[in-house]
Amino acid sequence: MSGINSSQIWHPCTQMKGFEPIVAESASGLYIYDAQGKKYADMISSWWCNLLGHCHPRVNAAVKAQLDKLEHVIFANFTHEKAAELCERLTKILPAGLEKFFFTDNGSSAVEAAMKMSFQYFRQTGGGQRTKFMALKGGYHGETLGALSAGALDLYAQKFKPLLFDVIRLDEQNAQEMFAAHGSETCALIVEPIIQMAAGMRIYPPEFLKKLRQLCDQYGVHLIADEIATGFGRTGKMFACGGKWDGKPESRNRAADSGVCPDIMCLSKGLTGGYMPMALTVTTNEIYEAFYGKEPFLHSHTYSGSALACAAAVEVLKIFEEEPILQTAQDNAQYFAQLVKEIFPNARHIGLINAFELPNAAEFARRATEKGVLMRPLGDVLYFNPPLNIERYQMEEVIEITSKLVGTI
Ligand SMILES: Cc1ncc(COP(=O)(O)O)c(C=O)c1O
């Protein structure tokens, strides 16, 4: 073991009895190194947030430069250059109409803010009868109580049911019917676009997302796209819902490129390259206007708009702009999928995410990690979700290590 005493630490999502954490000493690119110098390929991007590898030289330099200038200030009174630059850069790449940025500091709080924002919008625009939310079956939106209510995974929610509020659950079969029954009393529908990651990397067709957008338009319901896990190239596109605006006012809520434009989008995880806890609830001028000069949006988090996190996020976007990150990830996606399929023939993939069902997934993940490939199960599903700049030789190495475990567990 490590020589450090971490027995006072209560780890997330972990049965502490018998638990032996790995001591992370340093990290670089795809790899995390423990106290003995053993390396672990981070094939889950450290809970899906590490976007461009660990200790990326450019992001490191940006954070260091920011540190000597301005670390953090109260965001209720102040703004700063990096926050403004971040919003400006994001506006250029986000789906149509998303132009106002509300800062929070983790994914769940971005979801809470989105739901409260939609709720208050209707209070202030004559839609007071709208008090409900819709969400997809199998959805996951975080673990604070509002986000947990929106989510549908019993694994996380079951024990807390008495604390949660009811949400109308949709799937491809019942969506139309549910909108007809509850559309007029609903503030917003929240979805993970295209892939429900925590549910076990469940991929659904873009046509369903489009249908949901149409239903939201028809019934005056906000569409909240939770791109916390899917944003920033994870699905091969910058955002899973696509939807860069064509500039025409009449199509503000539709997409020019066959994607879907939400009314509110939640971003976190890859936003800072996985460096710093920061999240954004991004919305339209229309929603913003309902608060402008009226009742303000009374929601705040101490670390909103952290200058260090904004500096990291700005640098990540610059890297996307100046280096062919997205293109390379797209080029490599098929290559990686083929490698994965050689050992897991039933694997499905989108972007660099590959997932497959496996009996004893938890034990497989444990053994793979022991062998230097960091994996975690999602129920009986195992997956890879590496940084976007993983190289082909690293994919081969990872597949070689994991292939040796197939059939042994
Ligand atoms: C789609 C989605 N929404 C929300 C969250 C919650 O984010 P956080 O863990 O930062 O609260 C997650 C986390 O995995 C997520 O995958």
Side-chain angles (χ1 to χ4, degrees), residues 11-14 42-51 102-118 133-153 155-157 160 164 167 188-204 209 212 223-235 237 239-241 260 262 264-282 299 301-304 306 309 312-313 350-353 355 374-379 381 383-386:
H11 288 263
C13 252
T14 299
D42 189 352
M43 292 305 288
I44 54 173
S45 296
S46 281
W47 258 338
W48 316 340
C49 69
N50 186 274
L51 197 67
F102 189 86
F103 286 75
T104 56
D105 49 21
N106 62 73
S108 305
S109 57
V111 167
E112 300 280 341
M115 294 173 79
K116 286 173 68 180
M117 191 182 279
S118 173
F133 287 89
M134 292 176 169
L136 295 188
K137 291 183 184 170
Y140 176 86
H141 300 288
E143 290 167 42
T144 52
L145 294 176
L148 201 56
S149 299
L153 300 182
L155 175 65
Y156 308 103
F160 304 104
L164 306 182
V167 162
L189 160 67
I190 182 164
V191 302
E192 294 157 273
I194 306 299
I195 174 165
Q196 296 183 305
M197 292 186 32
M201 303 294 173
R202 278 200 230 161
I203 303 167
Y204 64 86
L209 188 60
L212 292 171
L223 177 64
I224 303 174
D226 176 350
E227 291 250 13
I228 288 161
T230 51
F232 303 101
R234 289 294 182 191
T235 65
K237 294 198 232 172
F239 299 102
C241 56
V260 153
I264 303 178
M265 187 188 272
C266 301
L267 298 170
S268 190
K269 292 194 188 276
L271 173 65
T272 64
Y275 267 62
M276 228 88 65
M278 184 164 75
L280 284 168
T281 303
V282 195
H299 184 100
H301 294 282
T302 308
Y303 286 101
S304 299
S306 149
I350 183 164
L352 286 168
I353 300 171
L374 180 59
M375 298 181 85
R376 281 181 74 86
L378 290 166
V381 172
Y383 66 93
F384 297 116
N385 184 13

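Just follow the structure's listing: the first ligand is 1, and inside any ligand the first atom is 1. It should be emphasised that the depicted structure is a prediction, and the values quoted were computed from it without experimental measurement.
The closest approach between any non-hydrogen atom of W47 and ligand 1 is not below 4.0 Å. Judged by the shortest distance from any of its heavy atoms, Q196 lies outside the 4.0 Å radius around the atoms of ligand 1. Contact annotation: H141 has at least one heavy atom less than 4.0 Å from an atom of ligand 1.
When L148, I190, T281, I264 are each tested for a side chain to side chain contact (heavy atoms under 4.5 Å, CB included) with V111, only one passes: I190. Put simply, the residue from D226, L212, V167 that forms a side chain to side chain contact (heavy atoms under 4.5 Å, CB included) with L136 is L212.
Close contacts of ligand 1 with Y140, meaning ligand atoms under 4.0 Å from a residue heavy atom, involve 1 (C), 2 (C), 3 (N), 5 (C), 12 (C), 13 (C), 14 (O), 15 (C), 16 (O). Counting the atoms of ligand 1 from 1 in the order shown, those under 4.0 Å from a heavy atom of A229 are 16 (O). Which parts of ligand 1 touch N106 is read off a 4.0 Å heavy-atom cut-off, strictly below it: atoms 10 (O), 11 (O). Using a 4.0 Å cut-off to heavy atoms of W48, the atoms of ligand 1 that qualify are 14 (O), 16 (O). Each of the following atoms of ligand 1 lies closer than 4.0 Å to a heavy atom of D226: 1 (C), 2 (C), 3 (N), 4 (C). Using a 4.0 Å cut-off to heavy atoms of S108, the atoms of ligand 1 that qualify are 6 (C), 7 (O), 8 (P), 11 (O).
Checked by atom type and distance alone, the side chain of E227 never pairs as donor or acceptor with a backbone atom of P193 at under 3.5 Å.
Contacts between K269 and ligand 1, counted as non-hydrogen atom pairs separated by less than 4.0 Å, involve the side chain only. The proximity of E192 to ligand 1, defined as any non-hydrogen pair under 4.0 Å, is limited to the side chain.
Using a 4.5 Å heavy-atom threshold, the side chains of P12 and W47 count as touching. The shortest distance between side-chain heavy atoms of C241 and M265 falls below 4.5 Å. Here the side chains of L189 and F133 are not in contact, with every heavy-atom distance at 4.5 Å or above.
In terms of protein heavy atoms, atom 7 (O) of ligand 1 is closest to G107 CA, 3.3 Å.
Of the listed residues (P193, S109, G142, C49), the one carrying the non-hydrogen atom nearest atom 6 (C) of ligand 1 is G142.
Atom OG1 of T235 sits about 9.5 Å away from atom CE of M197, to the nearest 0.5 Å. Note that CZ of F232 is 13.0 Å distant from NZ of K269, once rounded to the nearest 0.5 Å.
No hydrogens or angles considered: nothing links the side chains of S46 and N50 as a donor-acceptor pair under 3.5 Å.
Within 4.0 Å of atom 10 (O) of ligand 1, at least one protein heavy atom is present.
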